[in-house]
Amino acid sequence: MGTATLGLHWAVLLLPLMVFGVPTEEPTSGEAVASNLPGGCRWCCDPEDSLTPADAADVFPASLSGLPYVLPEVRPYINITILKGDKGDRGPLGIPGKPGKEGPRGDRGPQGTKGAKGQAGSPGGPCQTRFSAFSVGRKTALHSSEDFQPLIFDTVFVNPDGHFDMAAGHFVAPLRGLYFFSLNVHSWNFKETYVHVVHNDEAAVILYAQPSGRSIMQSQSVMLALAPGHRVWVRLFRRERENAVYSDDVDTYITFSGHLIKPEDD
């Protein structure tokens, strides 16, 4: 406010000079300079007591609205930064915004530490049979007849689970999978040896020896894919020619063996 008052006083003092100009000639002593303003023109340096109340009223009007010019508008400027107070407390947490788009998958993290050992589980069920094997022999010779003849074996070497039926002369598969079978016979002098390894009711392989002046051991083997209940057995061919297998009551010349190689579900 002091700056505004001072500016107003300067405007009032310089007003006569701006309106009427500066006199080019100095007035002589005793001369009065004519003026259009009431009371005449005065110097700024004249004593204040030389002004009469009437002259002062003419020079300094009571209301500024009567001035012959517009005073400039003075707007004070306040520096807000010097009025800034201390930092306030943290405000309450706002409402969470909408979730953004899913970002790219990050790298695999490091492997964690090994956890504690868990409790032992409940006992499982009994183990399923995962094997099957047999080996049988025959000590009696056999000659062909009018029809096929199954070889019935009289000696058991291995048959732990009873999968080979000694009465029927058949092996019955307990599991689906691959099985291996081998047959060994002794031929008869001057007679053919003609034997089949049969899968169910179909001949799978044949063991054959021509008539010879001496008897020899003959063998055959095969691998078969069986399902549960499938049968594998040996038969002697029917009598179309002289056909026989040799053996005696002392030694075992005829053997038939087989075992499971691989269950199908392994």
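Remember, predicted model here, so these are calculated numbers, not experimental data. When a residue number appears, it is its place in the shown sequence, counting from 1.
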- request: Grab the two heavy atoms, one from Asn243 and one from Glu192, that are nearest each other, plus how far apart they are.
  value: OD1-O, 3.0 Å

task: Work out which heavy atom in Ile254 is nearest to a heavy atom in Ser247; give both atom names and the distance.
output: CD1-CB, 4.3 Å

Are [X] and [Y] linked, directly or through other ILVMFWY residues, by side chains that come within less than 4.5 angstrom of each other?
X      : Y      : result
Phe181 : Leu260 : yes
Leu224 : Val195 : yes
Ile206 : Phe148 : yes
Phe157 : Met166 : no
Leu151 : Val136 : yes

Qualifying residue, where the test is ring pair (Phe, Tyr, Trp, His ring centres under 6.0 Å) with Phe171 and the options are Phe153, Phe256, Tyr179, Phe180: Tyr179

What residues, two or more places apart in sequence or in another chain, satisfy side chain to side chain contact (heavy atoms under 4.5 Å, CB included) together with [X]?
X      : answer
Ser145 : Gln149
Val197 : Leu183, Val205, Val222, Val232
Arg105 : none

[atom1]-[atom2] distance between [X] and [Y], expressed to the nearest 0.5 angstrom:
X      : Y      : atom1 : atom2 : value
Gln220 : Tyr208 : CD    : OH    : 14.5 Å
Lys139 : Asp154 : NZ    : CG    : 7.0 Å
Gln210 : Tyr194 : CD    : OH    : 12.5 Å
Phe237 : His196 : CZ    : NE2   : 6.0 Å
Ser187 : Met217 : OG    : CE    : 9.0 Å

message: Has Ser215 got a side-chain atom pairing as donor or acceptor with Trp188's backbone, closer than 3.5 angstrom?
response: no

- request: Spell out, as yes or no, whether a donor-acceptor pair under 3.5 Å connects the side chain of Arg138 to the backbone of Ile152.
  value: yes

- prompt: Within a strict 4.5 Å, meaning less than it, do heavy atoms of the Pro211 and Lys191 side chains meet?
  reply: no

message: Show every side chain to side chain donor-acceptor pair (under 3.5 Å) that has at least one partner inside residues 250-261, sequence neighbours left out.
response: Ser135-Ser257, Asn184-Thr255

- request: Please report the C-alpha distance between Asp201 and Arg231 in whole Å, then the side-chain angles of each, then the deciding distance to 0.1 Å, and finally whether the side chain to side chain contact (heavy atoms under 4.5 Å, CB included) criterion is met.
  value: CA-CA 8 Å; Asp201 295 322; Arg231 297 172 294 112; 3.4 Å; yes

task: Only one of Ile216, Val234, Thr193 passes side chain to side chain contact (heavy atoms under 4.5 Å, CB included) with Val185; say which it is.
output: Thr193

Tabulate below the donor-acceptor pairs under 3.5 Å that side-chain atoms of residues 111-122 make, not counting sequence neighbours, or state none.
none

- request: Start with the C-alpha distance between His230 and Asn200, add both sets of side-chain angles, then the distance that settles side chain to side chain contact (heavy atoms under 4.5 Å, CB included), and finish with yes or no.
  value: CA-CA 6 Å; His230 282 196; Asn200 290 331; 3.9 Å; yes

message: According to salt bridge (charged side-chain N to carboxylate O under 4.0 Å, His left out), does anything in residues 165-188 pair up with another residue at least two apart or in another chain? List the pairs.
response: Arg176-Glu264

